[in-house]
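Single-structure report; data block below.
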Number of protein chains: 2
Amino acid sequence: MTVTIREIAKHAGVSRGTVDRVLNDRPGVKPEVRDRILEIVNELNYVPNIAAKALAYQKKPVTFGIVMPPKDIRFFESIRSGITSAAEELKDLGVRLEYRYVDNKRPEEGAGAIHELVEAGVSGIMFSVMDDELIRESIDAAAQKNVPVVTFNSDVEGSKRVCFVGQDLHKSGVVAAGLMNRVLPAEAKVIIVTGSLKFHAHRSRVEGFKQGLANSGSRLQVARVIEGFDRYEDTFALLNQTLSEHTDISGIYMATGDIAACLEVIKLQRLEGKLRVICNDLMPEAEHGLRERIIDFTIVQNPERQGYLSLRLLFDLVFAGKQPETEHYFTETHIYIPESL
Amino acid sequence: MTVTIREIAKHAGVSRGTVDRVLNDRPGVKPEVRDRILEIVNELNYVPNIAAKALAYQKKPVTFGIVMPPKDIRFFESIRSGITSAAEELKDLGVRLEYRYVDNKRPEEGAGAIHELVEAGVSGIMFSVMDDELIRESIDAAAQKNVPVVTFNSDVEGSKRVCFVGQDLHKSGVVAAGLMNRVLPAEAKVIIVTGSLKFHAHRSRVEGFKQGLANSGSRLQVARVIEGFDRYEDTFALLNQTLSEHTDISGIYMATGDIAACLEVIKLQRLEGKLRVICNDLMPEAEHGLRERIIDFTIVQNPERQGYLSLRLLFDLVFAGKQPETEHYFTETHIYIPESL
DNA sequence: ATGAAAGCGCTAACAT
DNA sequence: ATGTTAGCGCTTTCAT
């Protein structure tokens with residue numbers, strides 16, 4: 001027999017309305033009554049019926065806000081598709097989505113979006129904008145008003161977000177090292193391309209790679225780490241120069257940075273097939289590089305799943321009161337070669 | 001405004017009960033009325049509300065039957081975990097599961113299970129038992145009685161199952177070839193281990209592998225294809241013999257077969273690290289081989305997803321009347337190395 | 001502070 | 001053959 005609100009009410013000798021008030025933290029119940037009801041709820045192991053809840057909410061659908069970089073950022077496409085498929089499943093349960101696209105470089109936009117959404121009465125927020133003090137405050141303010149925030153893809157550490165869903169950057173570096181080990185001879189030299197070592201996110205992959213080499217007792221050498229600052233020109237110039245100067249390089253790990261620039265340099269120097277190249281993610285340039293057989297492997301961390309899971313976690317929290325089981329949800333690491341496309 | 005049954009009824013000038021009868025193919029409606037209602041349903045683009053449906057079904061929960069090999073078959077563990085997580089999501093919508101574990105080698109058990117489940121009144125069946133005439137008949141009989149069957153992991157071709165969810169065996173072979181190409185020198189020799197070339201499923205991977213080599217213009221040579229009939233002894237003996245006779249082999253593709261046997265032979269001949277070994281799936285032996293660095297890669301096709309998707313498809317079909325979009329759903333192909341575990 | 005009752009959209013049992 | 005109505009479990013509004 002499933003326990004319903006009616007049951008609880010009967011046991012407590014009150015009306016269902018009162019039980020509902022208690023369960024949803026609404027005011028207007030004497031503390032002692034509230035306590036007694038909560039006790040019974042626990043004792044009887046009451047679990048709300050989602051279908052009934054969804055049906056009752058029909059008039060005033062539950063809305064979740066989503067704050068992320070603009071649509072034209074290709075990287076977020078697959079995350080969006082994951083969100084969409086979760087939304088598809090939850091549509092039947094009356095869940096609506098409200099997107100806010102903000103500039104990653106302007107924390108005030110992200111913070112503003114959160115504020116707006118909270119004012120608009122959303123029941124939860126998915127958030128993916130680069131870490132910043134303004135944003136942290138904004139998330140905490142939302143938490144204060146009982147609007148849970150789930151960060152995805154990039155975390156806002158130290159904030160009161162309920163959890164983070166994203167990649168394990170360190171691990172992707174370790175995996176890249178593992179691959180290099182398998183495709184290169186023992187003492188080969190490789191270089192790493194990253195955005196900027198100042199950023200934790202960029203550094204993680206580089207560190208993972210180095211640690212991966214160390215852990216496996218590899219004798220591969222990292223000849224150089226190039227910081228391209230995610231700009232085409234810088235990446236192109238530095239990589240071009242490095243490869244000209246060091247003709248004994250046999251592998252490149254594109255940890256972060258402009259893949260197109262990397263591909264161009266390789267073509268320019270006619271190194272196609274002579275270098276083993278590993279990059280991350282399945283953006284169009286990476287796919288292109290794979291198909292052209294310039295890139296050997298790309299390491300992907302299930303972005304669809306990131307989107308799907310974030311929304312699902314928010315839903316479970318809001319609808320079923322189910323707290324996330326961990327603070328960090330990492331999506332699985334997968335390796336792609338052209339044949340697996 | 002969402003279109004409800006009430007709306008339809010109003011438009012058609014009938015009662016909601018009648019509309020319900022039409023929508024659920026229940027008897028007792030004049031054909032002309034039925035047609036008119038269906039017309040209106042289409043015109044107004046009616047979509048049933050899942051939450052309401054689930055709530056109404058509360059008394060008599062919808063049950064899906066699952067027929068698969070016994071629990072002790074490790075391979076099905078991850079598929080089961082995928083089923084479980086879908087079931088978790090659907091529990092709130094009143095979905096119940098009824099498992100039947102049957103011997104893969106005894107078609108009559110599988111056929112019997114389907115029959116029983118249909119008699120027991122399940123609303124749909126997930127099925128994974130090896131192809132056979134008896135089974136085909138049983139699936140068709142279920143279809144006749146309006147009980148949809150989704151096959152997963154291994155298909156029952158030619159039957160009236162609504163769709164199949166599983167691996168793309170050919171593709172896994174192609175990917176294996178792609179990997180071999182990258183880790184072995186141009187003219188190296190490899191051998192393939194399979195169960196029996198008589199079985200379509202076993203053959204597919206082997207063919208995929210060969211075709212993968214051909215397509216990429218590889219000069220790798222397949223020195224031999226060994227049929228181990230999925231038995232430890234046969235696999236061990238044949239592989240041991242082959243590797244003794246051909247000392248110029250530099251790679252093994254374990255397409256299908258006993259991985260433990262393969263690992264033993266390699267250890268026996270002290271070939272650890274000298275051979276590049278690629279296998280499939282993430283069973284305990286494969287994991288073990290990966291960690292020991294005897295197996296270089298294992299190719300996995302998302303078994304959790306197979307379980308999850310099969311149940312979800314069944315649900316969508318039964319609850320929302322959503323027909324599967326394709327007859328074959330293939331899960332994604334992923335490559336694992338020890339570092340990605 | 002608490003109770004009673006009217007839905008949310010659909011199903012099923014009962015009436016006509 | 002078709003209409004009516006009482007739930008399914010929860011929320012919310014209106015009484016008390």
Side-chain angles (χ1 to χ4, degrees), chain A residues 1-37 41 44-62 91-96 121 123 318-321, chain B residues 1-38 40-41 44-62 91-96 121 123 318-321:
Chain A
M1 251 300 288
T2 56
V3 186
T4 71
I5 284 192
R6 189 178 228 114
E7 289 271 307
I8 311 265
K10 211 178 295 173
H11 276 252
V14 299
S15 77
R16 308 184 261 160
T18 304
V19 176
D20 183 65
R21 274 169 210 127
V22 173
L23 288 174
N24 294 287
D25 277 320
R26 272 189 281 272
V29 182
K30 244 191 296 185
E32 48 206 89
V33 177
R34 157 160 278 135
D35 289 348
R36 191 155 46 90
I37 291 179
V41 163
L44 265 53
N45 224 321
Y46 168 79
V47 180
N49 181 311
I50 301 290
K53 224 165 171 161
L55 193 56
Y57 276 133
Q58 200 74 12
K59 298 174 186 170
K60 195 172 147 295
V62 165
K91 196 180 53 185
D92 295 323
L93 303 178
V95 172
R96 299 288 171 270
S123 308
V318 172
F319 257 69
Chain B
M1 253 300 289
T2 56
V3 187
T4 71
I5 284 192
R6 187 177 229 114
E7 289 271 307
I8 311 265
K10 209 179 295 172
H11 276 254
V14 299
S15 76
R16 308 183 263 157
T18 304
V19 176
D20 184 61
R21 274 169 211 126
V22 173
L23 288 174
N24 293 288
D25 278 320
R26 272 190 282 271
V29 182
K30 242 191 299 185
E32 47 205 272
V33 178
R34 160 160 276 135
D35 288 348
R36 190 155 47 90
I37 291 180
L38 283 176
I40 296 176
V41 162
L44 265 56
N45 224 320
Y46 168 79
V47 180
N49 182 311
I50 303 289
K53 227 166 168 158
L55 193 56
Y57 277 134
Q58 201 74 10
K59 298 173 188 172
K60 194 173 148 295
V62 166
K91 197 180 52 187
D92 295 323
L93 302 178
V95 172
R96 298 290 171 270
S123 308
V318 171
F319 258 70

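- Atom CD1 of residue A:Ile50 and atom NZ of residue B:Lys91 lie 9.5 Å apart, to the nearest 0.5 angstrom.
- Taking atom CD on A:Glu7 and atom C1' on D:dC10, their separation rounds to 15 Å, with Å as the unit.
- Rounding to the nearest 0.5 angstrom, the gap separating the OG1 atom in A:Thr18 from the NZ atom in A:Lys30 is 10.5 Å.
- The side chain of B:Val14 sits closest to D:dG3 out of D:dC8, D:dG3, C:dC10.
- If you check D:dT2, D:dC10, C:dT2 against the side chain of A:Val33, the one that comes closest is C:dT2.
- Comparing C:dG3, C:dT11, D:dC10 against the side chain of A:Ala52 picks out D:dC10 as the nearest.
- Here the nucleotide nearest the side chain of B:Asp20, chosen from C:dA12, C:dC8, C:dG3, is C:dA12.
- If you take CZ of A:Arg6 and P of C:dG3, they are 14 Å apart, rounded to a whole angstrom.
- For the pair B:Arg26 and B:Asp20, the minimum side-chain heavy-atom distance is below 4.5 Å.
- For C:dG3, the OP1/OP2 oxygens have no side-chain nitrogen or oxygen of A:Arg21 closer than 4.0 Å.
- The side chain of A:Lys59 has C:dG7 as its nearest neighbour among C:dG9, C:dG7, C:dA1.
- Side-chain contact between B:Glu32 and B:Asp35 is absent, with no heavy atoms from C-beta onward closer than 4.5 Å.
- In this structure, B:Arg34 reaches neither bases nor backbone, as no heavy-atom distance under 4.0 Å exists between it and the strands shown.
- Rounded to whole Å, the distance from CG on B:Leu55 to C1' on D:dT11 is 12 Å.
- In terms of phosphate contacts, B:Thr18 brings a side-chain nitrogen or oxygen within less than 4.0 Å of OP1 or OP2 of D:dG3.
- When the P atom of C:dC8 is taken as reference, atom CG of A:Asp92 falls 18 Å away, rounded to whole Å.
- Between B:Phe319 and A:Asp92 there is no side-chain heavy-atom pair separated by less than 4.5 Å.
- Where B:Asn24 and A:Arg16 meet DNA chain C, the nucleotide closest to each residue was compared, and A:Arg16 sits on the side nearer the 5' end.
- Applying the 4.0 Å criterion to OP1 and OP2 of C:dG9, one finds that B:Thr4 has every side-chain N and O outside that range.
- Put simply, B:Tyr57 has no side-chain N or O that comes within less than 4.0 Å of OP1 or OP2 on D:dG9.
- The nearest whole Å value for the distance from the CG atom in B:Leu93 to the P atom in C:dG9 is 17 Å.
- Summarising the geometry, the separation between CZ on B:Arg36 and P on D:dA1 is reported as 16 Å, rounded to the nearest angstrom.
- Taking atom NZ of A:Lys60 as the reference point, atom P of D:dT12 lies 6 Å away to the nearest angstrom.
- As judged by a 4.0 angstrom heavy-atom cut-off over every strand, B:Pro27 is placed among residues making no nucleic acid contact.
- Contacts of B:Tyr46 with the nucleic acid, taken as non-hydrogen atoms under 4.0 Å apart, involve only primed sugar atoms and P, OP1 or OP2.
- Note: CD1 (A:Ile37) to C1' (D:dC10) measures 15 Å, nearest angstrom.
- When each of B:Gln58 and A:Gly17 is assigned the nucleotide of DNA chain D with its nearest heavy atom, B:Gln58 is the one assigned upstream, toward the 5' end.
- Close to D:dC8, at under 4.0 Å from its OP1 or OP2, lies no side-chain N or O of A:Asn49.
- For the atom pair B:Asn49 CG and A:Leu93 CG, the distance stands at 8.5 Å (nearest 0.5 Å).
- Residue A:Ala56 is the one, among B:Lys53 and A:Ala56, whose nearest nucleotide of DNA chain C lies closer to the 5' end (criterion: closest heavy atom).
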